[in-house]
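Below you'll find the structure, written out as structure tokens, and then a few comments.
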Amino acid sequence: MLSLLHLIESHLREALDKACLNEFSSECSLGVSLDSDLIAASKPEFGDFQSNIALVLAKHLKRNPREIALSVAKVLEEDLRFLAICIPPEVAGPGFINLTLRQSCIENEVKRILGDSRLGVLSIKAEENQKDYGPIVVDFSSPNIAKEMHVGHLRSTIIGDSLARIFEFRGFQVIRLNHVGDWGTQFGMLINHLKQVAPKALDSADAIELGDLVVFYRQAKKRFDDDELFRSESRQEVLNLQSGEPLSLRAWSLLCSQSRREFQKIYDRLDIKITERGESFYNPYLKQVVDELQASGLLVLDQGAKCIFLENMFGKDGKPLPIIVQKSDGGYNYSTTDLAAIRYRFKPKPIGDGAFRILYVTDMGQSSHFEGVFQIARLANWIPERCLIQHVPFGLVQGEDGKKLKTRSGETIRLRDLLDEAVDRAEIDLRSRLADEGRAESKSFIKNVARTIGFAALKYADLSQNRATSYQFSFDRMLSLQGNTAPYLLYSLVRISGIARKGGELEQVTDNLTFALPQELSLARQLLKFDEVIAFIEEELLPNRLCSYLFELSQIFNRFYDQVPVLKAQPELRNSRLALCRLTADTLKVGLGLLGIPTLERM
RNA sequence: GGGGCUGUAGCUCAGCUGGAUAGAGCGACGGUUUCCUAAACCGUAGGCCGUGGGUUCGAGUCCCGCCAGCCCCGCCA
């Protein structure tokens, strides 16, 4: 309905122009935006849209807001183009202008998107004057090599994937990057440990199993913490690695490929597509980064380290805080890598990605780090004009005690255990429900439904929360069949499938539509809002808005389903209702798909 | 010490960027099934939007102060 909104907006602006013609020049000189201030009506009683422009203008024009509203309304009432879309506007309260779409207009809009695979969402390619967009880089997930993925990676992975899907749906080229921690200080100790514990692994051509990498990591860490000699050897190892010493490189790639296999299992289960391009990728560019910073006069040598001091960055002691790009031992650190990544991603192809927007989906704790790094990149002139770089932060996953989610013994929860538990719980629920209803289903049906519901619940619980805040993790809540949960949404879709199975030919609906009942109209109205939601998310990067949209859609549909017969409706009503069912199903499928959630026919 | 985030119903959270009587869900209480999956629907109760100022026609939303909780702050990412 976005195009309709824009159309009404232009009529409104014109009307405003006419109604306030005399005052216009003085008004303009006040610098007030002539935005018609058209927004969705705050309540259904107020129609579809409302404009509060009269209230805004009242002061500047020194006129009564109600009077302005009435005169604007009068102009609109005489505008035939406007009247083709809306019924005559109403002025309410102190000067709100309420606009209500004609029923025929709603019917036409539904016709327009019925059977459209994009559901009315414009592709970026169809938009004018914005054809030179480069790709969008979404940097997400990013676990560390030799460590296991845990809850902390859940949000980044799920939110990043969903944002990527939404941009792809809009027609952007998206580069999904897994900026894995495959470089840096911790590899010193890992390689050192590997060389000492399993030297044979480095000689043989085939990679050997390292056993549990997590255990391996812990052993190395323990030695690093306890053993002074081991520590200094490890530091040397880092430098060996960074200078490309073959044996160190071999040990390194052994560790990486081992981890990669483990990560991939998780991504496969969650249906996440992502390209690994770890920190090591940028190693060849680190020196250039430092050189360029040096050349642009940004670097300061402080206690042997090459640093940049930024405004508004202070340490604990209140002194200016440096960002170190080259340590006193000559090594580089994460800021350097992040800078190299920014530089590379914005550089045109073939020596870069030619990105026009970069998103970093990482936890809130890294806000100040990114703020600093972005500032440096800007100073160094690595961010082209018109291009966007944004940190997309998210809050913690907390346990039901309100603290960071941990196991009972206080350890980090492994992601794969979390996935297993979600599916197990979903299966237990499902089996007891089948037993209650006396249904017999095949084992494969049960496995498939449990897996779909389990993962859906997990993803949805995460995405439906405003990402900026921390959220309380609860299997019981996310798997609940009522409320704003994945199972509730999936169930709505199952109901529509039921209609299709029982003879509702959803694919064969004609576009001869008439809506009469309020339940039909409110469902139609909700369906028409899909494109606005997508546009909002593209701007604000808040997938939870898609969740609440889909939840509201399900609620409205369930009300419709409960109160309005579809299959048993009279022939002239049946087609329109089937059309609503079909569009609801399509919207739910596409919407959930954008959240990375597949749907079910039966559950 | 500096910076950031959060504070809305008993609980978990929305709140579309300043608009009309602050919304959901869960939980509580009450109702609905010869009918497309009742995993649903309908209704009732429940609020000093942390707090004190300010900005203006109008503030949960913007600004300042305060209180509480969490996070980050020099060679880890």
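Source: prediction; values computed, not measured. Sequence lines set the chain letters: A, B, ... in the order given, protein chains first and strands last, and positions in each chain run from 1.
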Tell me whether A:Y561 is stacked on the nucleobase of B:A40, counting only the six-membered base ring and applying the 5.5 Å and 30° thresholds. no
Side-chain N or O of A:R545 less than 4.0 angstrom from OP1 or OP2 on B:A14? no
If you look at every strand shown and take non-hydrogen atoms under 4.0 Å, does A:R433 touch a base, only sugar-phosphate, or nothing? base
Could you give the distance separating B:G15 and B:U21 at their C1' atoms, to the nearest angstrom? 16 Å
Considering only the P atoms, how many Å lie between B:U33 and B:A14, rounded to the nearest integer? 37 Å
SB check A:R431 A:E441 (cutoff 4.0 Å): no
Could you give the distance separating B:C57 and B:C49 at their C1' atoms, to the nearest angstrom? 22 Å
Between the side chains of A:E427 and A:R451, is the shortest nitrogen-to-carboxylate-oxygen separation below 4.0 Å, so that they form an ion pair? no
Provide the Watson-Crick or G-U wobble partner of B:G65, both distances under 3.5 Å; none if there is no partner. B:U51
So does A:N333 get a side-chain nitrogen or oxygen closer than 4.0 Å to the phosphate oxygens (OP1/OP2) of B:G74? no
Choose from B:C76, B:C36, B:G19 the nucleotide whose nearest atom is closest to any side-chain atom of A:L567. B:C36
Protein-nucleotides 23-25 of chain B N/O pairs under 3.5 Å:
| residue | atom | partner | partner atom | Å |
| --- | --- | --- | --- | --- |
| B:G23 | OP1 | A:K43 | NZ | 3.2 |
| B:G25 | OP1 | A:Q555 | NE2 | 3.4 |

Counting side-chain heavy atoms from C-beta on, which of B:A39, B:G19, B:C41 comes nearest to A:D562? B:C41
Whether A:Q563 contacts B:C41 is assessed here as follows: a side-chain N or O lying under 4.0 Å from the phosphate OP1 or OP2. Is that the case? no
Partner nucleotide of B:A22 by Watson-Crick or wobble geometry (both distances under 3.5 Å): none
Would you call the rings of A:F281 and A:Y285 parallel, tilted or perpendicular, taking 30° and 60° as the class edges? tilted
Partner residues of A:D436 under the salt bridge (Lys or Arg N to Asp or Glu O under 4.0 Å) criterion, sequence neighbours left out: none
Tell me which nucleotide among B:C72, B:A39, B:A20 gets nearest to the side chain of A:S42. B:A20
Looking only at side-chain N and O atoms, does A:K502 come under 4.0 Å of OP1 or OP2 in B:U37? yes
Answer yes or no: is there an ion pair linking A:D225 with A:K221, defined by an N-O contact shorter than 4.0 Å? yes
Rounding to an integer number of Å, can you tell me how far A:L55 CG sits from B:G18 C1'? 11 Å
Partner of B:G30 under the Watson-Crick or G-U wobble criteria, both distances under 3.5 Å, comes out as B:C42
Please list, by residue number, the residues of residues 487-498 of chain A whose heavy atoms come closer than 4.0 Å to an atom of RNA chain B; answer none if no residue qualifies. A:Y488, A:Y491, A:V494, A:R495, A:G498
A:R439 has a side chain; which of B:A20, B:U37, B:U17 sits nearest to it? B:U37
Can you see if the side chain of A:N466 gets near the phosphate of B:C13 - specifically, an N or O under 4.0 Å from OP1 or OP2? no
Among the nucleotides B:C36, B:G19, B:U17, which one has an atom lying closest to any side-chain atom of A:V566? B:C36
Taking B:C63 as the reference, what is the distance to B:G18 when you measure between their C1' atoms (whole Å, please)? 13 Å
